[in-house]
There are 2 protein chains.
Amino acid sequence: MSNIEALPLVEPQVAEGVVPCCPPLTERPLTAEEAERTAAMFKALGDPVRLRLFSLVASHEGGEACVCDISDVGVSQPTVSHHLKKLKEAGLLTSERRGTWVYYRVEPSVMAAMGQMLTAATPVA
Amino acid sequence: MSNIEALPLVEPQVAEGVVPCCPPLTERPLTAEEAERTAAMFKALGDPVRLRLFSLVASHEGGEACVCDISDVGVSQPTVSHHLKKLKEAGLLTSERRGTWVYYRVEPSVMAAMGQMLTAATPVA
DNA sequence: CGTCTATGTTGACATACGTCGAACCAGGGC
DNA sequence: GCCCTGGTTCGACGTATGTCAACATAGACG
């Protein structure tokens, strides 16, 4: 077990504020703790309604959307609120109240970190 | 390198065999059907044990691993088999029996498609 | 203050999910 | 043939999850 000096290879081409959550999935096996944290993010996108809500916010003008603009996904309004809360807890969205309406926006760094685990992980095969 | 035509912005820099499952999440809202299919893939990576198993296979030599090599993730062996089946059903892994052992390997195209939904989706913000 | 609209929270319910032990297949040696 | 090892499937159990109706909260506007 030679000592590891190559810590920075975890982040090959990190964007601005990308949090280096975990190395690409092909780099090395995730530890139990890494898997726990990362799985929570993938899990947040693992529900059809949440994924639609997320894409609605992400594709909205300025990456920001009022709840009233994205509430038409086929479930009741409390359910929408529930899913938005889950996405917020996973760190994928942030919310801000401005006057009457609440606006949600995406957290680009987290999304980029997740993407890098998969794209940078495309193996030699 | 085959798709040089720049007609759909759905695939900006697709690798070889990437199935264009869905556009980047910032491109436009996903339809209900798109969300259903895509969420199933994210859901497969939304469990810590499955994520570890997947990274164990992906990081193994040649992107291929025998079940016996990756069974040490803290759960019983039937549970490992159960999770590998889920990953296979989600299209993320394929399995092949060679003699006594069963080998699992990653499906690079699916992984790349998921990554592109997130990386290509990094918004202007 | 009162009321109306926009969101979030609570409680309850049915279903899905992760986990295990035990039983069951598949090959390889003996 | 028999048994042994590697893997999967089955049945059951407890917990988590998605969903809704009902209620609660936050501003805006009179």
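Letters A, B, ... mirror the listed sequences (proteins, then strands); counts begin at 1. Since this is a predicted model, take the numbers as computed values, not measurements.
Between Glu34(B) and Arg28(B), no side-chain nitrogen of the basic residue sits less than 4.0 Å from a carboxylate oxygen of the acidic one, so the salt-bridge criterion is not met. Salt bridge Arg52(A)/Glu33(B): absent, no basic N to carboxylate O contact under 4.0 Å.
Using a 4.0 Å heavy-atom cutoff across all strands shown, His82(A) reaches at least one base atom of the nucleic acid. Counting non-hydrogen atoms under 4.0 angstrom, Ser81(B) reaches a base of the nucleic acid. Within 4.0 Å of Tyr104(B), counting heavy atoms only, lie sugar-phosphate atoms of the nucleic acid but no base atom. No contact: Lys88(B) has no heavy atom under 4.0 Å from any strand. The residue Val49(A) sits close only to the backbone: its heavy atoms come under 4.0 Å of sugar-phosphate atoms, none of a base. Residue Arg98(A) is classed as having no contact, given no heavy-atom separation below 4.0 Å to the nucleic acid.
The 5' end of DNA chain D is approached more closely, in terms of each residue's nearest nucleotide, by Val67(B) than by the other of Val67(B) and Lys43(A).
Panel note: side chain Arg50(B), backbone Ala44(B); a donor-acceptor pair is recorded below 3.5 Å.
For Arg97(B) and Tyr103(B), the positive end is not near the middle of the six-membered ring at less than 6.0 Å and at most 45° from its axis.
Phosphate contact (OP1/OP2 of dG18(C), side-chain N/O of Lys86(B), threshold under 4.0 Å): present. Between dT9(D) and Lys85(B), a contact under 4.0 Å exists linking OP1 or OP2 to a side-chain N or O. Close to dC20(D), at under 4.0 Å from its OP1 or OP2, lies a side-chain N or O of Ser76(A). Residue Thr100(B) places no side-chain N or O under 4.0 Å from the OP1 or OP2 atom of dG6(D).
The side chain of His83(B) lies closest to dG18(C) when the candidates are dT7(C), dG18(C), dG18(D). Among dA6(C), dG7(D), dG28(C), the nucleotide with an atom closest to any side-chain atom of Trp101(A) is dA6(C). When distances run from any side-chain atom of Cys68(A) to the nucleotides dG7(D), dA6(C), dT7(C), the shortest one goes to dT7(C). Comparing dT7(C), dT19(C), dT19(D) by their closest approach to the side chain of Asp47(B) singles out dT19(C). Of the listed nucleotides (dA26(D), dT8(D), dG6(D)), dT8(D) has the atom at the smallest distance from the side chain of Pro78(B).
Atom pair Glu96(A):CD and dT7(C):P shows a separation of 14 Å (rounding to whole Å applied). Computed from coordinates, the Leu84(A) CG to dT7(C) P distance equals 10 Å when rounded to whole Å. Distance Leu45(B) CG to dG18(C) C1': 16 Å, rounded to the nearest Å. Atom C1' of nucleotide dT17(D) and atom CD of Glu89(A) are separated by 13 Å, given to the nearest angstrom. Summarising the geometry, the separation between CD on Gln77(B) and C1' on dC10(D) is reported as 14 Å, rounded to the nearest angstrom. The distance from atom CZ of Arg50(B) to atom C1' of dC17(C) is 8 Å, rounded to the nearest whole Å. Taking atom OH of Tyr103(B) as the reference point, atom P of dG6(D) lies 12 Å away to the nearest angstrom. One interatomic measurement links the two molecules: CG of Leu51(A) to P of dT17(D), which rounds to 17 Å at whole-angstrom precision.
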**Request:** Decide side-chain contact (heavy atoms from CB on, under 4.5 Å) for Leu118(A) and Leu45(B); before the verdict, give the C-alpha distance in whole Å, the side-chain angles of both, and the deciding distance to 0.1 Å.
**Result:** CA-CA 11 Å; Leu118(A) 296 168; Leu45(B) 295 182; 4.1 Å; yes
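More than 12 non-hydrogen atoms from other residues, nucleotides or ligands lie less than 6.0 angstrom from CZ of Arg37(B).
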